[in-house]
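Accompanying notes for the structure given below.
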Amino acid sequence: MTTANARGNRPMEWINTTNRASDIYGSHTFSGDVMLKRLPPDIHSALEKTMSRATVLDPAIANTVAQAMRDWAIEHGATHYCHWFQPLTGSTAEKHDAFLTPSSDGTAIEKFSGSQLIQGEPDASSFPSGGIRDTYEARGYTAWDATSPAFLLENTNGDVTLCIPTAFVSWTGEALDKKTPLLRSIQAVSKQAMRILRFFGSDRNVTQVITTLGCEQEYFLVDRELYLERLDLALCGRTVIGAAPPKGHELSDHYFGSIPDRVMAYMTEVEERLFRLGIPVKTRHNEVAPGQYEIAPTFENANVAVDHQMLTMYVLRTTAPKHGFVCLLHEKPFAGVNGSGKHNNWSISTDTGVNLLDPRDETHTNMQFLVFLCAVMAAVDTRAELLRASIASAANDHRLGANEAPPAIMSIYLGSMLEDILDQLESGTPKKTMKGGSLDLGAHTLPQIPRHTSDRNRTSPFAFTGNKFEFRAVGSSAAVAWPNTVLNTIIAESLDKIATELERKAGKSPTPAKIETAVKAVLKSLVKEHRRVCFDGDGYSEGWHKEAEKRGLPNLRSTPDALAVLRTKSAAAMFERYGVLSPRELQARAEIMVEQYVTTVAIEARTLATMLRTQILPAAMRAQSELGETVSATQAAGVECPDTELALTEFVGLASALRQATASLEKAMEPLSHRGHGGNGDPEKQAKHVREKLVPAMEAARAASDALEAVVPDDIWPLPTYAEMLLVR
C-alpha cells in the first residue's frame, strides 16, 4: 500500500490492472475527470485548489459548481440531493430534497443553486447534542465540505441520490457532528508539523501536512433467515445468549481460506459499488472466525478516508440482503468467538507526497523521522487515557483484551530496529541501523526473500508497521472520525511541545551544528521520559498487565472508566488550545457517550429478559415436561431408572437457576426502567450501575441459559444455534 495523494480521490495505480475496475472507478463521484470536463477552467482550478490544498472556498464559484453537479447527477438518474453528514449518533444522516421546484406558473423546474450546495438547515433538536440544543431549539446548519467529493448513492432498488458531504453545526456555531472536529484536528496537526519541517529546513514547496488513513474493516455474514429468528441480533447486533459451537476457529482453517462462492459473489458486488464511489478497496479475505471476513482499502487523505469508511459500512450492510445475508459489524456478535475490529492505519505526509513516518534506509541518520516518531510516542504516553476513551463503547468492551484484540492498556510496538535506535539515542548518538537481511528457505526452487528488520505484533493496540501506525484497538462498528480526531489532537500537542523546545535550544539564528545538538538533546529527553509506553512483548499475557502497572500505564477496562477522562480540565484545555473542541463541545460528547453506553446495555438487557421469558424458559418447561413424562412412564412400567431420574433432577436445577437469574436480571434493570435516553437520574451513576450490577446480571443469566441450551433437545430449542449461524455455505 502507498500513501494516496492529498485529495485522496484519484484512481490508484493498482486499479488500472483490470479494465473493468478502471472503467467504473469513481464514476459516481464528482471529482477528477468529471470536474475537469464539466467546469470552466478557472472554476475547476479554484475548486481543485480548495480540495487539494484545503484553501478557503470561494463562494463566487458555488453557483457554477452547483449547476454542473446537478446536471451530472440528473444524467445519472438522480432525482434528489441531500447534505450527507455524521451526527453524534455514530452513523450518517441525510434529508432528501427534490431537484424539481414549483414555479409561479404552476410548472416545475430543475433547480439546484450555489446556496443550496453550500448550506442546508436540518432540524438539530432530535439528534444527540449533550445539552448544546434543547428540544425547542431546533435550528442547525450543514456546511459543504468541498475537500471530500460529492457522490451519487444508488440503493439496491436503483434509486439515485446526489450526496454532498457536509459539516453539521448548531445555530450557535458549535459542532454537532464528527466531521467538524476532525477537520479542525487535521488543521492543528498541519500547523504544528509545519513548524518541525521549517526547523529542519525541509522542502519549501510544502504548504501543509496531511494525515492519511486506511481502515481495515472486519465483519460477519449470517444467513438472513437465521438472523430474523434471533431477536437479539435484530435489536442489538449481537447474540445476548448462545452456547459455544462444537467447532469454532480452533483449527485456524477458516483464516485466509478459500472464499465460499456465495460470499465471493457478495464481495464482488460490494467492491463494484465501492469502486463507483471512488473508494480504493484492495484486500479481501476470510478472517479468523467461521463466517468472518475483512475488506481493506489503500490510503487516502484522512478526511476523505473517514467519509469512505462510513460509506463502506453502508455498502457492506445494504448489499448483504441481495445475497441472502445480513452483515454484522458489531465488535462481538458471538461470545467466545473471534471478534471484529477496524484497524486504523494512520500516517502523516506532506502535500508534496513525502511520508513523514517513512524511516528510510539509514534510519539512525534520519533525525526528522525520529522527531516525528518520538512525537507519536510521547503523545500516546502522555494522553493514553484519552486515546483509550476514543475507542470506548459498550460493544468494544466485549472485545478489548480478548484473544483477538489488544488489551485496554495503551502501548506502542516499534520493533527491533527502532527499539535499537532508541537504545542508541538514550545512551548517546545513534551510529547504525539494524538490517533485516534475507531468508534462505532451503529449497533451490524458492527465492531468497528479504526479511524485515522487525516482526509484527498483533497484540499491540498501537503498532508501527513500516511507515505508519496501526491503531488496532478501534472497534469494527465505530465511526472512525472520533478516534482520529483524538489521535490528531494529541499528536498536535506533542509536536507543539517538541517544536517549542527545539526552537528554544537552537536559538533565534540556528546553525546546522546548533540544530543537530538541539535535536539530539530533545530526542534523548523524549526517549527517557516516554519510553515506558513502548512494549514489544505479548500484550495478552497477565505478565504484561503487572508490568504495565509497574510502569504506571493506565488500564481502563470499561467504558465508564475510560470516558471519565473527557471530564477533566486537562482534556478540555488541550482540545480548546488547538481549536478542536470548546469545553462545552467536549462536555457534550462526554455526556452523549455515557448515555449511549447506558442505553445500549439497557436495550440488550431488555432484549435478553424478553428472550428468556418468552422463548428459553417456555422451551425449558417443554423439555422438562417431556423428560418428566419419560421418567413417569418408566417408573409405571416397574423399571428402575436412576440415571433418567438424575437427569430430570439436574435439568430441574438448571431451569430453576435460569428463573432465578432472570429474576435477578429484571431487578438489576429496575433503575433503568424509564424508557428514554438512559433512564432517570445521573448518567454517571447509571453507567456505574450498568457496569457493576447490570452487566454481571446479564452474564449470569446468559450462563444459565447457555447451560440449558446444551441439554434441551434440538427440536425444542427455539433459536438458531451458533453452529448453524457460523456455518456459511
Side-chain angles (χ1 to χ4, degrees), residues 88-91 178 215-220 232-233 236-240 287-289 292 294 306 309-310 313 327-346 380 384-411 458-463 470-487 539-540 545 554-566 589-590 592-605 678 687 690-691 694-695 698-699:
L88 297 174
T89 57
S91 58
K178 299 196 173 187
C215 293
E216 305 165 41
Q217 176 71 60
E218 295 173 343
Y219 60 94
F220 279 85
D232 48 4
L233 283 181
C236 309
R238 75 177 184 97
T239 55
V240 295
E287 253 300 330
V288 172
Q292 187 184 34
E294 180 178 300
V306 165
Q309 221 293 306
M310 299 302 291
M313 290 194 290
C327 176
L328 302 177
L329 295 175
H330 194 283
E331 281 73 2
K332 201 76 170 178
F334 304 101
V337 177
N338 190 67
S340 296
K342 178 151 41 198
H343 302 164
N344 191 93
N345 294 283
W346 179 95
V380 175
E385 292 177 327
L386 267 178
L387 201 60
R388 168 67 179 91
S390 76
I391 45 91
S393 71
N396 217 17
D397 278 0
H398 294 285
R399 171 178 166 265
L400 290 180
N403 283 342
E404 80 285 351
I409 305 165
M410 293 295 106
S411 66
R458 69 188 299 270
T459 72
S460 174
F462 204 86
E470 184 180 24
F471 190 12
R472 293 178 55 88
V474 180
S476 54
S477 67
V480 293
W482 175 238
N484 283 283
T485 296
V486 173
L487 179 57
Y540 296 162
H545 285 249
N555 185 4
L556 305 174
R557 297 176 184 271
S558 73
T559 290
D561 295 332
L563 294 181
V565 70
L566 300 180
R589 280 152 180 78
I592 290 168
M593 284 186 269
V594 170
E595 286 186 357
Q596 287 173 337
Y597 170 79
V598 172
T599 304
T600 297
V601 181
I603 291 171
E604 292 178 347
V690 166
R691 179 191 63 204
L694 185 56
V695 169
M698 292 173 66
E699 291 173 348

Distance from R557 atom CZ to I409 atom CD1, nearest 0.5 Å? 7.0 Å
Among E331, Q292, E287, which residue satisfies the side chain to side chain donor-acceptor pair (under 3.5 Å) criterion with S340? Q292
Tell me the closest heavy-atom pair linking H330 and G237, and the distance in Å. CB-O, 3.2 Å
To the nearest 0.5 Å, atom OG of S411 lies from atom CG of L387 at 10.5 Å
Would you indicate whether the side-chain heavy atoms of L386 and L566 approach each other to under 4.5 Å? yes
Identify the two heavy atoms, one from G539 and one from P407, that lie closest to each other, and give their separation to 0.1 Å. O-CG, 3.4 Å
Could you go through the side chain to side chain contact (heavy atoms under 4.5 Å, CB included) check for E385 and L556 one step at a time? CA-CA 8 Å; E385 292 177 327; L556 305 174; 3.9 Å; yes
Counting N and O atoms only, with roles assigned by atom type, does the side chain of E470 sit under 3.5 Å from a partner on the main chain of A463, one being a donor and the other an acceptor? no
Ring-plane angle category for F220 and F334, please: parallel below 30°, perpendicular beyond 60°, tilted otherwise. perpendicular
Atom OG of S393 and atom CE of M593: how far apart are they, to the nearest 0.5 Å? 10.5 Å
Check: V306 and K178 side chains under 4.5 Å, non-hydrogen atoms: no
To the nearest 0.5 Å, atom CG of L563 lies from atom CD1 of I592 at 12.0 Å
Looking only at side-chain N and O atoms, does S558 offer a donor or acceptor that is under 3.5 Å from a partner on D561? yes
Compare all side-chain heavy atoms of K342 with those of M313 and state whether any distance is below 4.5 angstrom. yes
Would you mind telling me which of R691, K332, R388, R238 makes a salt bridge (Lys or Arg N to Asp or Glu O under 4.0 Å) with D397? R388
First locate atom CD1 of I603, then atom CG of D232, and finally report the distance between them rounded to the nearest 0.5 Å. 13.5 Å
List the atom of L329, the atom of E218, and the distance in Å for their closest heavy-atom pair. CD2-O, 4.2 Å
For G90 versus M310, what's the shortest heavy-atom pair and its separation? O-CE, 3.7 Å
Donor-acceptor pair, side chain of Q217 and main chain of S476, under 3.5 angstrom: yes
For the student: nearest non-hydrogen atoms of A335 and T239, plus distance: N-OG1, 4.3 Å
Report the distance from atom CD1 of I391 to atom CE of M410, rounding to the nearest 0.5 Å. 4.5 Å
Grab the two heavy atoms, one from A289 and one from N338, that are nearest each other, plus how far apart they are. CB-CB, 3.8 Å
Would you say N344's side chain and F471's backbone share a donor-acceptor pair under 3.5 angstrom? no
